[in-house]
Trainee: 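I have a structure here, written as structure tokens, and I will follow up with some questions on it.
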Protein chains: 2
Amino acid sequence: MMNKSFRDYLRSKGLKSTHQREVVVDLFLRLDTHCSVEDLYHAAQRKDKRIGYSTVYRTLKLLVEAGLAEERRFSGEVTRFELVHRGKHHDHLICIKCGRIIEFTNDRIEKLQEKVAKKHNFKISDHKYEIYGYCSRCKK
Amino acid sequence: MMNKSFRDYLRSKGLKSTHQREVVVDLFLRLDTHCSVEDLYHAAQRKDKRIGYSTVYRTLKLLVEAGLAEERRFSGEVTRFELVHRGKHHDHLICIKCGRIIEFTNDRIEKLQEKVAKKHNFKISDHKYEIYGYCSRCKK
DNA sequence: TTGAAAATGAAATTCAGTTTCAATTAGTTT
DNA sequence: AAACTAATTGAAACTGAATTTCATTTTCAA
Ligand SMILES: [Mn+2]
Ligand SMILES: [Mn+2]
Ligand SMILES: [Zn+2]
Ligand SMILES: [Zn+2]
């Protein structure tokens with residue numbers, strides 16, 4: 001099972017491995033998209049009627065704390081969460097018509113960003129590059 | 001007075017030029033920072049006790065519609081608004097300690113962004129580049 | 001001056017997200 | 001295996017920013 005590192009995180013913090021957490025984390029790993037709490041909640045409900053909304057929220061927060069998930073708040077959208085893929089940073093193109101999310105990385109941009117920071121004597125700890133527009137399908 | 005274009009916008013839409021709108025727009029132009037609705041509301045209150053919260057909200061929305069202001073939602077912060085300076089786009093460095101906001105532009109990044117979009121067959125309509133970290137004063 | 005349409009402010013409402021709390025559960029200790 | 005204790009749970013209450021409602025007021029053109 002892939003969620004071993006989550007169990008490790010729980011142990012290290014003296015927290016408990018519960019049925020609900022197992023279900024939520026398992027689904028989160030399987031979905032593998034930018035999913036909202038509601039998405040996950042409904043998926044979890046299909047597995048087990050007794051899983052509550054707050055538990056889904058709390059579990060996602062734990063995943064973020066564990067460094068296994070990241071929170072994304074795109075313009076005008078509800079908060080979404082995504083799995084951290086082998087610790088690699090990436091940014092997003094977001095279609096304002098269909099909502100499609102395309103990921104990209106660009107080393108040259110990241111290099112230029114360093115320059116910008118240096119120029120302003122600024123120490124970067126994180127960044128967010130979101131490009132909004134129309135995806136290939138919605139262009140015309 | 002600089003808010004002539006706002007009055008023009010109102011006329012063109014069949015809307016009315018009111019005392020409240022004059023006060024709010026006037027203050028917004030003078031403040032010239034990334035100000036929250038609350039900032040503006042309090043400033044307006046000092047000028048005229050009868051100006052309400054909703055009117056400030058509504059006026060800022062109108063300014064955005066008129067293309068004279070832009071809405072900014074930095075991570076973990078309340079919504080802020082800023083004056084559009086001669087139609088020029090810019091991005092931001094945000095200090096996560098003191099909240100300072102530094103503006104930057106970088107043509108080379110914007111060019112590379114075009115390339116990224118082309119590669120994904122994506123038509124850009126807008127973008128948002130936010131760099132979080134520590135400003136020169138908060139670095140140590 | 002008048003009249004119709006727009007604007008106002010206070011209060012109510014919305015909505016995502018968080019907190020509360022009594023009851024339940026996990027995991028360790030006897 | 002039972003007892004113990006701290007963490008967890010779900011439902012409901014709450015929060016805070018933003019929006020809407022609506023009776024009253026204001027604008028502005030005729
Ligand atoms: Mn992503
Ligand atoms: Mn700015
Ligand atoms: Zn699309
Ligand atoms: Zn600072």
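This one's a predicted model, so the numbers in the text were calculated from it and none came from an experiment. In the text below, chain A, chain B and the rest are named by the order of the sequence lines, each starting its count at 1.
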Trainee: With heavy atoms under 4.0 Å as the rule, sort B:K13 into base, sugar-phosphate or nothing.
Mentor: nothing
Trainee: For residues A:F81 and A:F28, determine if any side-chain heavy atom of one lies less than 4.5 Å from a side-chain heavy atom of the other.
Mentor: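 Contact flag for A:F81/A:F28 side chains = yes.
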Trainee: Taking CZ from B:R11 and P from D:dT27, how many angstroms apart are they, rounded to a whole number?
Mentor: 15 Å
Trainee: Tell me whether the side-chain N/O atoms of A:T79 come closer than 4.0 Å to OP1 or OP2 in C:dG17.
Mentor: yes
Trainee: Expressed as a whole number of angstroms, how long is the span from A:K16:NZ to D:dA7:C1'?
Mentor: 4 Å
Trainee: Select from A:G14 and B:E38 the residue whose nearest nucleotide in DNA chain D is closer to the 5' end of that strand.
Mentor: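 Its nearest nucleotide being more 5', the pick is A:G14.
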Trainee: From CD1 of A:I51 over to C1' of C:dT24, roughly how many Å is that when rounded to an integer?
Mentor: 15 Å
Trainee: If I take atom CD in residue B:E22 and atom P in nucleotide C:dA7, what distance separates them, rounded to the nearest angstrom?
Mentor: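 It is 13 Å, rounded to the nearest whole Å.
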Trainee: Can you confirm whether more than 12 heavy atoms, excluding those of A:D107, are under 6.0 Å from its CG atom?
Mentor: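 Not buried by this count: 12 neighbours or fewer within 6.0 Å.
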Trainee: Between P on D:dA17 and OH on B:Y41, what's the gap in Å once rounded to a whole number?
Mentor: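 For the pair B:Y41 OH and D:dA17 P, the rounded distance is 14 Å.
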Trainee: Of the nucleotides C:dA6, C:dT19, C:dT8, which has the atom closest to the B:L15 side chain?
Mentor: C:dA6
Trainee: What is the separation between atom CG on B:L40 and atom C1' on D:dA17, rounded to the nearest whole Å?
Mentor: 16 Å
Trainee: Does the plane of the ring in B:Y53 sit parallel, tilted or perpendicular to the ring in B:Y41? Use 30° and 60° as the thresholds.
Mentor: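 Geometry flag for B:Y41 against B:Y53: tilted rings.
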Trainee: Which nucleotide, C:dT19, D:dT19, C:dA10, lies nearest any side-chain atom of B:R58?
Mentor: C:dA10
Trainee: Please state how far atom CG in B:L60 lies from atom P in D:dA18, giving the value in whole angstrom units.
Mentor: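 Rounding to the nearest Å, CG of B:L60 and P of D:dA18 are 10 Å apart.
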Trainee: In whole Å, I'd like the distance from the CG atom of A:L62 to the P atom of C:dT18.
Mentor: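 It works out to 12 Å between those atoms.
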Trainee: If each of B:G52 and A:R50 is mapped to the nucleotide of DNA chain C with the nearest heavy atom, which maps nearer the 5' terminus, i.e. the 5' end?
Mentor: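 Counting from the 5' end, the first nearest nucleotide belongs to B:G52.
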Trainee: Using the rule salt bridge (charged side-chain N to carboxylate O under 4.0 Å, His left out), only one of B:E103, B:E77, B:E82, B:E130 pairs with B:R72; which is it?
Mentor: B:E82
Trainee: In terms of side-chain heavy atoms of B:V78, which of D:dT19, D:dT9, D:dA17 is nearest?
Mentor: D:dA17
Trainee: By nearest atom, which of the nucleotides C:dT28, C:dA16, D:dT19 is closest to the A:Y57 side chain?
Mentor: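 Of C:dT28, C:dA16, D:dT19, C:dA16 is nearest to the side chain of A:Y57.
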Trainee: Remember a base hit wins even if backbone is also touched, and classify B:R21 as base, sugar-phosphate or nothing at under 4.0 Å, heavy atoms.
Mentor: sugar-phosphate
Trainee: Tell me which nucleotide among D:dT20, C:dT19, C:dA16 gets nearest to the side chain of A:S54.
Mentor: C:dT19
Trainee: Heavy-atom distance under 4.5 Å between the side chains of B:Y9 and B:L63, does that happen here?
Mentor: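 Contact flag for B:Y9/B:L63 side chains = no.
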